[in-house]
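Data block below; observations after.
Values below: every heavy atom of this structure, side chains too, minus hydrogens, waters and symmetry copies. Computed from a predicted structure; not experimentally measured.
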There are 2 protein chains.
Amino acid sequence: MSERILGLDPGLAILGFGVIEYDPAKKRDLSPDIRVVDYGVVQTPARTDTGKRLCTIYDDLHSVIDEYQPDLVSIEKLFFYRMGNTILVAQARGVVMLVLAQRNLPFVEFTPAQIKQSITGHGNADKVEVQDAIARELKLKSIPKPDDAADGLAVALTAWFRMD
Amino acid sequence: MSERILGLDPGLAILGFGVIEYDPAKKRDLSPDIRVVDYGVVQTPARTDTGKRLCTIYDDLHSVIDEYQPDLVSIEKLFFYRMGNTILVAQARGVVMLVLAQRNLPFVEFTPAQIKQSITGHGNADKVEVQDAIARELKLKSIPKPDDAADGLAVALTAWFRMD
């Protein structure tokens, strides 16, 4: 039986996601089979109020879970940037945490540095290095776009790398 | 037709609420009739994970709205305190904003200083002054308890004071 990890990069304007699939029985193989199921973004309508955008995140994240049926969710940890922005992102993140709890989905969290370290081997990698490493690791023919979807795949892949 | 204002003081551990009712036609009377419908708190189970607590806020706030059918919601604005705490409160607030948007409820927001100013006449009033003023204004026989419920009434009353 294969298992799926949904990676999420939560934001208010755009929420990136990536879904990977693997066979837990083969996790320790020298060349374990890990596949990309899909990746994309949930975009919330610009110039509408926060409440409407949070409704979009709530509805669309439930739909993403319905569609991909993940076994585990991996989320990028929220760090403090600018006050106003952090509060907006934290509000969006609250809705994400709500949906995961409503669906009884286990989740793991990783800092940006942990993600970079897991994917490229060093915690200060830039965006291009991370995206190249994702494409290589997941045998993708091109770099996943947009950036937020690539971030979703990166955090999903980090959960897979860090599994026992 | 009377109208109702639901005041909310959002937090992750405890969400205070207060419901007041008034007759819009008599808003400009010398002694307008303003009544407390109810007040209380939504408490989330301590020592459970954030997701479960956010589920409680989501479900219970929908129930509060079902029960009291407010026409307007008044919320205390989130200020930055400590980083970790602010992110937790902002996550809870995200769920509150989601519920209000799902119910198509209009809302207004006030800072703590605006609330103190409206209720007592000065922005540096302490908690006891605010609570005494609420009890007097709303003709309550005793100070509403707990503090979070009193804060819910205070922010509801602020919306009423500041209405055109």
message: Atom CG of residue position A:Asp66 - does it have more than 12 heavy atoms of other residues, nucleotides or ligands inside 6.0 Å?
response: yes
query: Relative to chain A, which segment of B:Leu98 carries a heavy atom at a distance below 4.5 Å: side chain, backbone, both, or neither?
result: both
query: Can you tell me how far the SG atom of A:Cys55 sits from the CE atom of B:Met97, to the nearest 0.5 Å?
result: 10.5 Å
message: Please check if the number of heavy atoms outside B:Lys52 that lie under 6.0 Å from its NZ is greater than 12.
response: no
statement: Rounding to 0.5 Å, atoms CG (B:Leu54) and CG (A:Leu100) come to a distance of 10.0 Å
- prompt: Honestly curious: do A:Leu140 and A:Val41 fall in one hydrophobic cluster under the side-chain, below-4.5 Å linking rule?
  reply: no
query: Do the side chains of A:Ile143 and A:Leu157 join up, straight or via other hydrophobic residues, at under 4.5 Å, putting them in one cluster?
result: no
- prompt: How far apart are the closest heavy atoms of A:Ala90 and B:Ile87, and which atoms are they?
  reply: CB-O, 3.9 Å
